[in-house]
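Structure record follows, encoded as structure tokens.
Values below: every heavy atom of this structure, side chains too, minus hydrogens, waters and symmetry copies.
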Amino acid sequence: MSKKESFVKGTLILAAAALIARVLGLAQKVPFEHLFNDIGEASFNSANSVYLMLLPLATAGIPSTLSKMVSERYALNRPHEAQQIYRAALYFAAVIGVIMSVTLYIGAPYYADYTKVPESTLAIRAIAPALLLFPTIAMMRGYFQGRNNMMAGGLSQIVEQIARVSTAIVLAYIMLSKGYDNTWMAAGASFGSVFGSLGAFGIMLYYALQLKRKESTNTLYETNEAKLPLFGIYKSIFKLSIPIVLASVTIPVVNLIDNSLIVPLLSGQVGYSEATRTLAIYGSKAVSVAGIPPVLAIALSTSLIPIISAAYARRDEMHLKRQVTLALRIAILTGTPIVTSLVVAAYSVNGVLFSSLDGSGIIGMLTLGTIFQITMMTTNSILLGMGKARISMYYVMIGIIVKLVASILLSKVFGIYGILGATALCFIVITLLNLRMLKSIVPFEIMGKRWGGFTIAVLASAGIGYSLNQAGIMLTDVMPARVAFLITCLIVGAAVVIIYLVLLIILGVISRQEVASYPRPLQKLLKPLMRLQPARVNMKE
């Protein structure tokens with residue numbers, strides 16, 4: 001297997017693990033909707049939001065830096081240095097885990113009061129102990145990725161989600177049966193993250209012990225090698241990792257802003273009770289569904305990042321131009337049909353997953369903005385591959401400021417939809433800034449003259465998908481509603497993807513030459529369909 005194929009395989013392993021984790025997280029929302037009232041859902045979502053925002057801050061981007069530094073040391077046949085760097089990262093993880101866990105526990109009531117969901121204090125405190133282990137787990141994942149072992153991190157993610165979701169549901173149900181109110185039930189569900197961290201740590205520890213036994217006969221762990229100064233190790237790590245973490249926390253920060261501002265901004269317009277219900281819908285429904293589209297597209301585009309890094313290092317402008325263009329095309333072309341399907345079928349998706357149809361518009365609006373999230377994340381990754389992490393960090397900070405200001409202004413006119421529109425605007429601003437920087441480094445075009453055909457394919461597939469969704473809703477008159485919604489979702493999803501793909505080929509948006517440079521799984525999928533492309537279509541850029 002070539003290095004390129006090996007990387008693609010590793011990327012797909014991580015993508016599959018991320019997709020399974022998203023699906024399990026989404027599945028968790030269904031029983032919670034039946035178990036919790038609005039206060040319970042808002043409390044659980046607030047705890048989860050602040051926890052997910054603190055995770056990347058707790059690890060400070062070190063796992064990605066650790067992966068890079070470890071792989072470099074092994075490539076230079078200096079494994080003893082890699083081990084010293086790994087141990088230093090573990091020491092940092094142990095200390096920062098205690099600090100972040102204690103800080104979150106003590107600060108819980110202050111954050112809960114600020115967000116006007118004081119009932120979330122118990123849930124936030126219940127989730128705090130999970131931060132004890134997760135920094136260590138993140139460092140171990142970074143180390144194994146540096147050793148080209150993606151399975152360890154992928155499997156630990158899956159086990160983590162299974163343990164977290166199952167225990168969260170069980171604990172919430174037990175507290176309900178014992179007569180506890182929703183505040184305590186949300187705390188019980190939040191405590192499921194602690195069990196998730198234990199499961200993930202167990203998997204990583206198993207792989208670590210297995211690797212140690214395998215290498216026990218080597219000189220890898222001997223101490224007679226020159227020791228690197230601990231201060232020097234941390235200086236190198238943080239110099240690389242701080243810009244990375246600040247560029248990578250966009251999504252958690254955006255979610256935290258929304259969870260912090262929805263009730264304060266909307267309570268004056270619609271009342272405290274309705275604002276709390278909107279927050280519950282946003283956190284339990286919209287965020288879960290909107291988390292699905294980026295997974296596959298980002299995995300496919302990420303598989304090209306090492307090639308971009310190598311081309312940039314060689315100053316191979318022609319190759320760099322091709323790979324940047326290809327990465328962005330794959331991200332947009334694969335992400336768009338998933339976003340389109342979920343948006344036009346938002347009502348049916350809501351009906352099949354949740355017990356009430358409230359919030360379908362919120363789901364559709366937030367999901368629509370994820371196409372710009374995909375482009376933002378892809379361009380961020382390309383800039384990181386080119387060693388421009390600091391620039392990417394500045395652009396993310398600008399986008400966050402735009403998000404904060406736009407949320408306050410737009411919410412006064414459009415309510416929750418103004419807040420969701422501000423999220424899309426944040427992603428658009430970061431994407432445009434990233435593209436501007438990339439074009440200053442290497443000239444490229446994402447679609448060129450193909451934007452017209454792409455737009456036709458999107459509008460046509462969306463229109464047909466929406467019509468099918470409206471027709472499918474009428475099935476609720478002749479069969480159980482959830483069954484009708486499921487059938488509708490399957491039909492709409494299949495129709496949108498097929499029509500979109502066929503139109504892309506017929507209109508020449510996807511060329512035969514371009515397909516030949518795609519990752520192998522995509523080549524196998526698209527090759528038979530390329531026969532639909534008329535011979536007269538001009539394939540040139």
Side-chain angles (χ1 to χ4, degrees), residues 24-54 104-105 107-130 161 163-196 255-256 258-267 270-291 350-351 353-360 362-363 366 416:
L24 287 172
L26 183 60
Q28 172 185 260
K29 304 293 185 179
V30 178
F32 280 175
E33 190 179 8
H34 294 278
L35 291 171
F36 290 145
N37 58 23
D38 290 341
I39 291 296
E41 285 195 48
S43 298
F44 176 77
N45 292 330
S46 292
N48 215 40
S49 176
V50 68
Y51 170 71
L52 292 176
M53 198 277 292
L54 287 175
L104 183 58
Y105 186 88
Y110 302 102
Y111 175 78
D113 287 341
Y114 173 75
T115 58
K116 296 189 177 180
V117 188
E119 297 86 355
S120 65
T121 298
L122 278 176
I124 295 172
R125 283 182 164 172
I127 211 171
Q161 287 297 317
R164 183 183 68 83
V165 170
S166 58
T167 54
I169 295 171
V170 169
L171 287 173
Y173 179 78
I174 289 174
M175 290 196 163
L176 175 65
S177 63
K178 296 291 185 181
Y180 287 93
D181 63 19
N182 267 247
T183 301
W184 281 95
M185 287 168 59
S190 298
F191 196 71
S193 292
V194 178
F195 288 95
N255 289 338
L256 182 67
D258 287 342
N259 274 281
S260 303
L261 294 183
I262 284 177
V263 173
L265 289 178
L266 299 184
S267 57
V270 298
Y272 175 77
S273 178
E274 182 62 21
T276 303
R277 191 179 75 89
T278 301
L279 174 60
I281 290 171
Y282 168 85
S284 63
K285 294 184 177 184
V287 170
S288 301
V289 175
N350 195 10
L353 291 176
F354 306 107
S355 60
S356 73
L357 291 167
D358 296 338
S360 298
I362 297 174
I363 293 173
L366 187 63
I416 182 61

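To the nearest 0.5 Å, atom CD of residue Glu119 and atom CD1 of residue Ile124 are 11.0 Å apart. Rounded to the nearest 0.5 angstrom, Ile281 CD1 and Thr276 OG1 are separated by 11.0 Å. The OG1 atom of Thr167 sits 9.0 Å away from the CZ atom of Phe191 when rounded to the nearest 0.5 Å. Here the straight-line distance linking atom OG of Ser120 with atom CD1 of Ile39 works out to 9.5 Å at 0.5 Å rounding. Atom OG of Ser190 and atom CZ of Arg125 lie 13.5 Å apart (nearest 0.5 Å). Considering CG of Leu279 and CG of Leu266, their distance stands at 9.5 Å, rounded to 0.5 Å.
Atom OH of Tyr272 sits in a crowded spot, with more than 12 heavy atoms from other residues, nucleotides or ligands closer than 6.0 Å.
When each of Asn45, Asp258, Asn259 is checked for a side chain to side chain donor-acceptor pair (under 3.5 Å) with Tyr282, only Asp258 meets the rule.
With contacts defined as side-chain heavy-atom distances shorter than 4.5 Å, the pair Trp184/Asp181 qualifies.
With sequence neighbours excluded, no residue forms a ring pair (Phe, Tyr, Trp, His ring centres under 6.0 Å) with Tyr111. Partners of Arg277 according to the salt bridge (charged side-chain N to carboxylate O under 4.0 Å, His left out) rule, which considers only residues two or more places apart in sequence or in another chain, are Glu274, Asp358.
At distances below 3.5 Å, not a single donor-acceptor pair connects side-chain atoms of Ser46 with backbone N or O atoms of Ser43.
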